[in-house]
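Each remark here refers to the structure printed beneath this line.
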Amino acid sequence: MLNTLRSIVQEVTGARDLDQALDVIVTRVKKAMSVDVCTVYLADRDRRENVLMATDGLNAESAGAIRLKDKLGLIGLVGAREEPLNLADAPTHPQYQYFPESGEERYRSFLGVPIIHHRQLMGVLVVQRTAKKRFDEDSVTFLVTIAAQLAGAIAHAEVSGGINGLSKGAKGRARSITPLQGQPGSPGVAIGTVVVSFALADLKLIPDRKSEDTKADIAVFKKAVTGVKKDIQAMLERMKAVLPAEDRALFDAYLLMLEPNGIPADVIRHIKQGNWASGALREAIGEHVRAFDAMEDAYLRERGEDVRDLGRRILAKLRSNEPVAPKKYPLRTVLVGDEITASMLAEVPIKRLVGVVSVRGSQTSHVAILARAMGVSAVMGVEDLPVGRVDGRPVIVDGYTGRVYINPPRQVREEFKHLLQEETELSRELHELRELPAITPDNVGIPLYVNSGLLADISPSRRSGAEGIGLYRTEFPFMIRDRFPGEDEQCQIYRQVLKSFAPAPVTLRTLDVGGDKALPYFPIEEDNPFLGWRGIRISLDHPEIFLVQLRALLRASAGLGNMNLLLPMVSSVSEVDDALRLLRRAHHELIDSGMSISMPRVGVMIEVPSAVYQVRELARRVNFLSIGTNDLTQYLLAVDRNNARVANLYDSLHPAVLRALQQIVDGAKAEKTPVSVCGEMAGDPAAAILLLGMGIDNLSMSAANLPRVKWVIRTFTRRRARLLLKEALTFEYAHSVRNFLNAALEDAGLGGLVRAGR
Ligand code: PEP
Ligand code: MG
């Protein structure tokens, strides 16, 4: 059963569009369960109806024609109760509805299970038999399992249908164009053209892309095949000495599959149909693999893996001849991918990049942070996005609400153009605050700093009116190189950063790799990377890396005197003691070599729950504290900051997070140690009210958010912020806190911030 299930799901996932996916479901499930009828009903949310979309067993014409109000009939009952309904004699059930056009009267037993995706009812999957007998438990669990597995694939196919212009459906069934939902990653609206970026070695992730020159693509592909054939022949030669002829048959089979009428014929067919060579290869290999996977014989099924292997080999050869980046990026490029990385972002000319959409990741993923630093709209965690089918399409990215529109209709485009205009006006208003200080009406100064990580974002940072850099993530320059940067190279980068704001303060954080920040040349394989070898833990375990960085930092600060150092991921005081010892050692070494460098101010990031409870001990050891609300929220709520599936649970306004923050501020004050916030929460205008009320000394955020937060600081007195905080701390839900703060912003005449953040 497991194999059948897997192969049905695979076939559905590979379907061209929704109609094909549904046809596969009904025929394969009917056969697998040996029933007389299998039918899929999908929910039409706009019309609040369930529509019979595909059937194997009932009259074929009833597809698209039978519609039931969403609470009616047995289908309505399954949908409303969200659990299976197993009946021996369906027609005798009081809620049974008879449709003469279906030809259903012959069937007595009925088993219906809901299809649910992310808590939302997508439809109902039904099987029926003529026999008057309830379905056994195995049948029920099989259908429940298959419905659960298919929910995502159906959502995926539904979106593809819309994208391919099949919003009417091949069988004339109207479907409304709904946006894809992800998470807001970086604020702003972008209207542009999709460029798909993908991991080079993964065949599955290769997108469809229009072939620019069919003949050239066929030639490139043929060359790749010749290369692979040569490699296999060479392997065959080497193996002759060690393997008997029958075991070498595998290589012969590989060569056979590469004969002109084998896999190459199918790839060339797809190229001729308009796909580029890599995309055509993915299509052809997919077809062959699916054919093998569907075989009953276990030995033959395994051959699917050989086809995949061949596909990977051809792809590797193609890579050296076929360019993957477009020759010229469109003027308003929106980078789309399964997992967009910092280096993919860096490949696009900065002036052409307007948006980022990633299937994986969330608001606090580092790509989102980078996008915010660059002022580029981003939506993260768009799980249902069919990446392979959207290259070159027009797209709208709404970084405020987390919605993405592929092939948007005209009225949606007009609406967003209007919004872009409003946004420009708001920015103009905010720009006027640039030269004004961040001081509350009751005269409390809250310096606003920027978060940075690349030299490229230093200019926007300066333009934002920031009073310094509150967090420079030193790992970013490490991430976009192919080896550890040397001491001199690091020193140069840090000096440039320090000089850009001197004499204003610049806080440089020591290396914080691990978690979701991997260095390509320093791979770390772990089951729980966020709970693993990360930040200060790596630095202390590798003094040879840490000392080089500390020396580079100290040397860079010579004569400037504006450097603060920040230690990430501290979970116990001994880490601070050890890091300070190494810092003093590096400092002594430099002094001994005759340099004149002062010791920087040192701070600790409070971003792990244990640090909250030892905040006073930590505060006593250093000059300042900086709260990393991105990680603190993730660790307090046990919600992976990168996992789109649990993203709805991630909220820095969660009452537990607010209480922890107050505890940190109180602890720091008791030790007379200044405390700031440098997580993304600092850039949220609503949250800034609470942080002001708590007594935070300064805030550090993305340049794009700084003017909005300055507006808040210049509008709310600390006294008022304290009162609002007091009330906010009485709420039990994060969303109540959010609504309460939005109302306060509206009351204060800052409704523009709420509307922009819709
Ligand atoms: C944080 O965790 O809030 C933080 C500022 O650091 P990073 O996002 O780099 O982990
Ligand atoms: Mg952090």
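Just follow the structure's listing: the first ligand is 1, and inside any ligand the first atom is 1. Please read all numbers here as calculations on a predicted model, not as lab measurements.
Against a heavy-atom cut-off of under 4.0 Å, Gly679 is close to the following atoms of ligand 1: 3 (O), 5 (C). Ligand-side atoms of ligand 1 in range of Gly628: 1 (C), 2 (O), 3 (O), range being under 4.0 angstrom from any heavy atom. Residue Arg473 approaches ligand 1 through these ligand atoms, each under 4.0 Å from one of its heavy atoms: 4 (C), 5 (C), 6 (O), 7 (P), 8 (O), 9 (O). Ligand 1 places these atoms under 4.0 Å from at least one heavy atom of Asp631: 1 (C), 2 (O), 3 (O), 10 (O).
Glu575 has no carboxylate O lying under 4.0 Å from a charged side-chain N of Arg621, or vice versa, which leaves the two without a salt bridge. A salt bridge links Lys669 with Asp697: at least one charged nitrogen is closer than 4.0 Å to a carboxylate oxygen. The pair Arg473-Asp512 fails the salt-bridge criterion, with no side-chain N (NZ, NE, NH1 or NH2) lying under 4.0 Å from an Asp/Glu carboxylate O. Under the 4.0 Å criterion applied to side-chain N and carboxylate O atoms, Arg555 and Asp488 are assigned as salt-bridge partners. A salt bridge links Arg372 to Glu680: one of the charged nitrogens lies within less than 4.0 Å of a carboxylate oxygen.
For the pair Met681 and ligand 1, no heavy-atom separation below 4.0 Å is found. Heavy-atom separations between Arg509 and ligand 1 include at least one value shorter than 4.0 Å.
For Glu680, no heavy-atom contact with ligand 1 is shorter than 4.0 Å. At a heavy-atom cutoff of 4.0 Å, ligand 1 is contacted by the side chain of Leu471 but not by its backbone. Residue-level proximity to ligand 1 for Arg534 is carried by the side chain, the only part with a heavy atom below 4.0 angstrom.
Using a 4.5 Å heavy-atom threshold, the side chains of Leu335 and Arg352 count as separate. In this structure, the side chains of Arg403 and Leu180 stay at 4.5 Å or more apart for every pair of heavy atoms.
For Asp512, every N, O or S atom stays at 2.8 Å or more from the Mg ion (ligand 2).
Asp631 contributes OD2 and Glu607 contributes OE1; the angle these two atoms make at the Mg ion (ligand 2) is 90°, rounded to 10°.
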Step-by-step side-chain hydrogen bond (donor to acceptor under 3.5 Å, both in side chains) determination, Ser700 to Asn451: CA-CA 6 Å; Ser700 189; Asn451 292 349; 2.6 Å; yes

